[in-house]
Amino acid sequence: QVQLVESGGGLVQAGGSLRLSCAVSGRTISRYTMGWFRQAPGKEREFVAAISWSGGTTYYTDSVKGRFTVSRDNALNTLYLQMNSLEPEDTAVYYCAADVRFDAYGSGWHVPVPDYWGQGTQVTVSS
């Protein structure tokens, strides 16, 4: 059984930084594109960033480009999200996910396997 456990969330002032981690157990992540999503209060869950299995290719939603950096350590089975220059609009629960895929004709970034989600970590950015 795959488990994804996020950590590193918290309360930070605008302009500050946080680093999220996602530790995966039960399955090696080295074969999968991994990603981060977030859900703000009253909004749908949205894609934030993804990274290819090798780490050689990264993808970001426009609102975080230049501020967030996704990385991975396959030897440690861990995914990271470095978040700099945080804004109040970044306030959300952040989720990591495994086997993230992109569907250009419909669902966009999505996670086909329901079990491949973490439980989420809260990030709150104060103004």
Side-chain angles (χ1 to χ4, degrees):
Q1 185 173 353
V2 178
Q3 281 193 317
L4 298 89
V5 179
E6 302 95 335
S7 60
L11 174 63
V12 63
Q13 288 189 329
S17 298
L18 284 173
R19 189 192 195 205
L20 305 184
S21 298
C22 173
V24 183
S25 60
R27 184 180 292 270
T28 180
I29 67 170
S30 60
R31 298 172 52 193
Y32 297 124
T33 295
M34 301 290 294
W36 292 95
F37 293 72
R38 67 186 179 186
Q39 187 167 19
K43 295 187 177 182
E44 293 188 353
R45 191 175 299 188
E46 65 172 354
F47 169 78
V48 175
I51 185 167
S52 63
W53 68 271
S54 67
T57 305
T58 55
Y59 312 85
Y60 299 94
T61 191
D62 286 346
S63 64
V64 308
K65 285 180 181 176
R67 301 188 299 122
F68 290 12
T69 302
V70 60
S71 61
R72 65 192 295 163
D73 187 329
N74 287 341
L76 296 178
N77 238 29
T78 302
L79 177 71
Y80 305 98
L81 185 66
Q82 177 67 43
M83 306 186 294
N84 299 328
S85 302
L86 282 162
E87 304 169 353
E89 293 73 24
D90 296 317
T91 295
V93 178
Y94 283 70
Y95 300 89
C96 69
D99 197 15
V100 177
R101 303 187 187 189
F102 182 74
D103 175 8
Y105 300 101
S107 54
W109 290 101
H110 64 288
V111 183
V113 181
D115 291 344
Y116 286 3
W117 289 97
Q119 84 290 347
T121 186
Q122 176 70 47
V123 172
T124 304
V125 185
S126 62
S127 58

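We count residues from 1, following the sequence as given. All values derive from a computational prediction rather than experimental measurement.
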What closest approach, in Å, do T58 and I51 show between heavy atoms, and which atom pair accounts for it?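 For T58 and I51, the tightest heavy-atom pair comes out as CG2-CG1, 3.9 Å.
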side-chain contact (heavy atoms from CB on, under 4.5 Å) partners of [X], counting only residues at least two apart:
X    : value
T57  : S52, Y59
K65  : Y60, D62
P112 : R101, H110

Could you work out the complete set of other residues in the hydrophobic cluster of Y80, with links drawn between I, L, V, M, F, W and Y side chains under 4.5 Å apart?
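L76, which link up through side-chain heavy atoms under 4.5 Å apart, make up the rest of the cluster.
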- Task: Please write out which residues are connected to L11 in a hydrophobic cluster, directly or through intermediates, given that two of Ile, Leu, Val, Met, Phe, Trp, Tyr count as joined at side-chain heavy-atom separations below 4.5 angstrom.
- Result: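 ILVMFWY cluster around L11 holds nothing else.
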By side-chain hydrogen bond (donor to acceptor under 3.5 Å, both in side chains) - contacts of [X] (at least two apart):
X    : value
Q119 : E6
S7   : none
T124 : Q122
S30  : T28

Any pair counted as disulfide (SG to SG under 2.5 Å), so long as it reaches residues 54-95, sequence neighbours left out |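 Output for this query is empty, none listed.
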Quiz prompt | Test side chain to side chain contact (heavy atoms under 4.5 Å, CB included) applied to W109 and V100, step by step | solution = CA-CA 7 Å; W109 290 101; V100 177; 3.4 Å; yes
Run the side chain to side chain contact (heavy atoms under 4.5 Å, CB included) check on D115 and Q1 step by step: do they pass?
CA-CA 8 Å; D115 291 344; Q1 185 173 353; 5.8 Å; no
For a quick test of your reading: what N or O donor-acceptor pairs under 3.5 Å do the side chains of residues 90-98 make, sequence neighbours left out?
from: D90; atom 1: OD1; to: R38; atom 2: NH1; distance (Å): 3.0
from: D90; atom 1: OD1; to: R67; atom 2: NH2; distance (Å): 3.0
from: D90; atom 1: OD2; to: R67; atom 2: NH1; distance (Å): 2.8
from: D90; atom 1: OD2; to: R67; atom 2: NH2; distance (Å): 3.4
from: D90; atom 1: OD2; to: E87; atom 2: N; distance (Å): 2.8
from: T91; atom 1: OG1; to: P88; atom 2: O; distance (Å): 3.0
from: T91; atom 1: OG1; to: V125; atom 2: N; distance (Å): 2.9
from: T91; atom 1: OG1; to: V125; atom 2: O; distance (Å): 3.4
from: Y94; atom 1: OH; to: R38; atom 2: NH1; distance (Å): 2.9
from: Y94; atom 1: OH; to: D90; atom 2: O; distance (Å): 2.6

- Task: Report yes or no: does R72 contribute a side-chain atom to a donor-acceptor pair with the main-chain N or O of N77 at less than 3.5 Å?
- Result: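 Side chain of R72 to backbone of N77: no pair is present.
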Q.
Between N74 and W53 (side chain of the first, backbone of the second, donor and acceptor by atom type, cut-off under 3.5 Å), is there such a pair?
A.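 Side chain of N74 to backbone of W53: a pair is present.
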Atom pair [atom1] ([X]) and [atom2] ([Y]), whose distance is rounded to the nearest 0.5 Å:
X   : Y    : atom1 : atom2 : value
S54 : R31  : OG    : CZ    : 14.5 Å
F37 : T61  : CZ    : OG1   : 10.5 Å
F47 : S107 : CZ    : OG    : 12.5 Å
L79 : D73  : CG    : CG    : 10.5 Å

Show me the donor-acceptor pairs within less than 3.5 Å that the side chains of residues 20-27 make with the rest of the protein, sequence neighbours left out.
from: R27; atom 1: NE; to: Y116; atom 2: OH; distance (Å): 3.2

Item to check | Between N84 and S17: side-chain donor-acceptor atoms closer than 3.5 Å | outcome: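 Yes, because at least one side-chain N or O of N84 sits under 3.5 Å from a partner of the opposite role on S17.
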task = Tell me whether W36 is reachable from F102 by hopping between hydrophobic residues (I, L, V, M, F, W, Y) whose side-chain heavy atoms are closer than 4.5 Å.
result =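 In one cluster with F102: W36, yes.
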Would R45 pass as a cation-pi partner of W117, given that its NZ or CZ must be under 6.0 Å from the six-membered ring centre and within 45 degrees of the axis?
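Yes, R45 sits over the ring of W117.
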Evaluate the criterion side chain to side chain contact (heavy atoms under 4.5 Å, CB included) for residue pair T69 and L81; output intermediate values, then yes/no. CA-CA 6 Å; T69 302; L81 185 66; over 6 Å; no
